[in-house]
Amino acid sequence: MGSERLLLVTGGSRGIGAATALKAGTRDYFVCVNYRRSFEAAASVVDGIRERGGDGIPVHADVGREKDVTRLFDAIDALPGNLVGVVNNAGELAPAARLENMDYDRWKSILTTNLFGTMCCTREGIRRMSRRFGGVGGAIVNVSSAASRTGAPNEYVDYAASKGAVDSFTIGVAREVAADGIRVNAVRPGFIRTRIHAEGGDPRRVERLQDALPMRRAGEPDEVAEAILWLLSDEASYVTGSFIDMAGGL
Ligand code: NAP
C-alpha cells in the first residue's frame with residue numbers, strides 16, 4: 001500500500017470498470033475497486049492488480065445511495081496518499097422496451113445509479129481533489145454512452161436520457177472546477193462486449209447488431225479502458241469538458 005495516488009473506479013468488479021482498474025494498477029495508481037453485489041468479483045480484480053505489480057482494495061457501495069457513497073469516501077480518506085482520480089463507471093440498464101411500457105420504478109433505478117451516482121461521487125471527489133479545498137487536483141472520467149447521442153429508441157430511452165444528463169453534467173462541472181485543478185471528461189462507448197447486455201435481458205445483443213456498425217465489430221472493455229486512462233493522465237492535461245466517442249464509428 002505504498003502508492004500515493006489513489007484512484008476510485010466505481011462498478012469496478014467487471015466489464016469496463018474491471019478493465020480500467022486492472023490497467024490503472026500498472027500505471028502508478030492505488031486502485032479503489034468499488035463493487036455493489038459481488039465482493040468476490042472485486043477482490044479478484046484486486047488480485048489481478050497485485051499480480052501485475054500494483055495494489056488496491058475492494059470497497060463496497062451502491063453509488064445510488066448517498067450513505068453508501070459517504071462510507072466509500074470515508075474508506076478512501078483512511079488510506080495513505082491523495083485521491084487524484086475518479087472514474088464514474090457504475091451503470092445499469094433494464095430490458096429493452098418502448099416508453100409506454102416502462103414503469104416509474106425502472107426510471108428511478110436507472111436515474112439513481114447512472115446520474116445521481118455519478119453526481120454524488122463527483123461531488124465527493126471534488127471535495128477532496130480541488131485546490132480550492134487544499135487538494136492536489138485531479139481528473140474525473142464519466143462513462144457515458146453512445147446512447148446519449150442516439151436516444152436508444154425502442155430499447156432504452158430512459159437509459160439514454162440518464163447518459164444525456166451525464167453529458168450535460170460533465171460539461172458544466174468541467175467548467176466549474178477547471179480553475180481548481182480538476183479536469184472532467186467522459187467516454188461514450190457503444191456495443192462493448194460486457195455483461196450489461198445480459199443484465200438488460202439480451203445477452204446476444206452485441207453479436208446481433210455489430211454488423212450494422214461502420215467498423216463491423218463490437219468493442220472490447222480494454223479499448224475503452226485505454227481511453228479512460230488517457231483522459232486521467234497528464235498526457236490529457238489540456239483536455240476538459242470533452243468526450244471520446246467509442247462506438248466503432250456510430
Ligand atoms: P457491466 O459489466 O454490467 O458492469 C457494470 C458494473 O457497474 C458492475 O460492476 C455493476 O456491479 C456496477 N454497478 C451497477 N450499478 C451499480 C451501483 N448502483 N453501485 C455500484 N456499482 C454498480 O457493464 P459495462 O458495460 O462494463 O458498463 C460500465 C459502464 O459502461 C456503464 O456505465 C454503462 O452504462 C457504460 N456503457 C457500456 C456499454 C456497453 O456496450 N457495454 C455501452 C455504453 C456505455 P453490480 O453487478 O454489483 O451491481
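One-based numbering, in listed order, for ligands and for the atoms of each.
- Among the atoms of Pro189, none of the N or O lies under 3.5 angstrom from an N or O of ligand 1.
- Within the 4.0 Å heavy-atom shell around ligand 1 one finds Ser13.
- Ligand 1 has no N or O atom lying under 3.5 Å from any N or O atom of Glu199, backbone or side chain.
- Annotation: atom 21 (N) of ligand 1 to nearest protein heavy atom, Ala90 CB, 3.5 Å.
- The shortest N/O to N/O separation between Tyr35 and ligand 1 does not fall below 3.5 Å.
- Note: an N/O pair closer than 3.5 Å links Phe191 and ligand 1 by distance alone.
- Looking at Val87, Thr194, Val45, it is Thr194 that brings a heavy atom closest to atom 24 (P) of ligand 1.
- Comparing Ala152, Gly91, Gly11 against atom 14 (C) of ligand 1, the shortest heavy-atom distance belongs to Gly91.
- Partners of Asp77 by salt bridge (Lys or Arg N to Asp or Glu O under 4.0 Å), not counting sequence neighbours, listed by chain and number: Arg128.
- For the pair Ser145 and ligand 1, the shortest N or O to N or O distance does not fall below 3.5 Å.
- Evaluation of the side-chain hydrogen bond (donor to acceptor under 3.5 Å, both in side chains) rule for Glu199 yields Arg37, Arg195 as partners, not counting sequence neighbours.
- Checked by distance only, ligand 1 and Ala146 stay at 3.5 Å or farther apart across all their nitrogen or oxygen atoms.
- Of the protein's non-hydrogen atoms, Asn89 O, 3.1 Å is the one closest to atom 31 (C) of ligand 1.
- Annotation: Ile16 places an N or O atom under 3.5 Å from an N or O atom of ligand 1; distance criterion only.
- Of the heavy atoms in Lys163, only side-chain atoms (C-beta onward) come closer than 4.0 Å to ligand 1.
- No heavy atom of Arg193 sits closer than 4.0 Å to any atom of ligand 1.
- Neither the backbone nor the side chain of Ala41 has any atom closer than 4.0 Å to an atom of ligand 1 (non-hydrogen atoms only).
- For ligand 1, the atoms closer than 4.0 angstrom to any heavy atom of Ala61 are 19 (N), 20 (C).
- Heavy atoms of Asn34 approach ligand 1 to within less than 4.0 angstrom.
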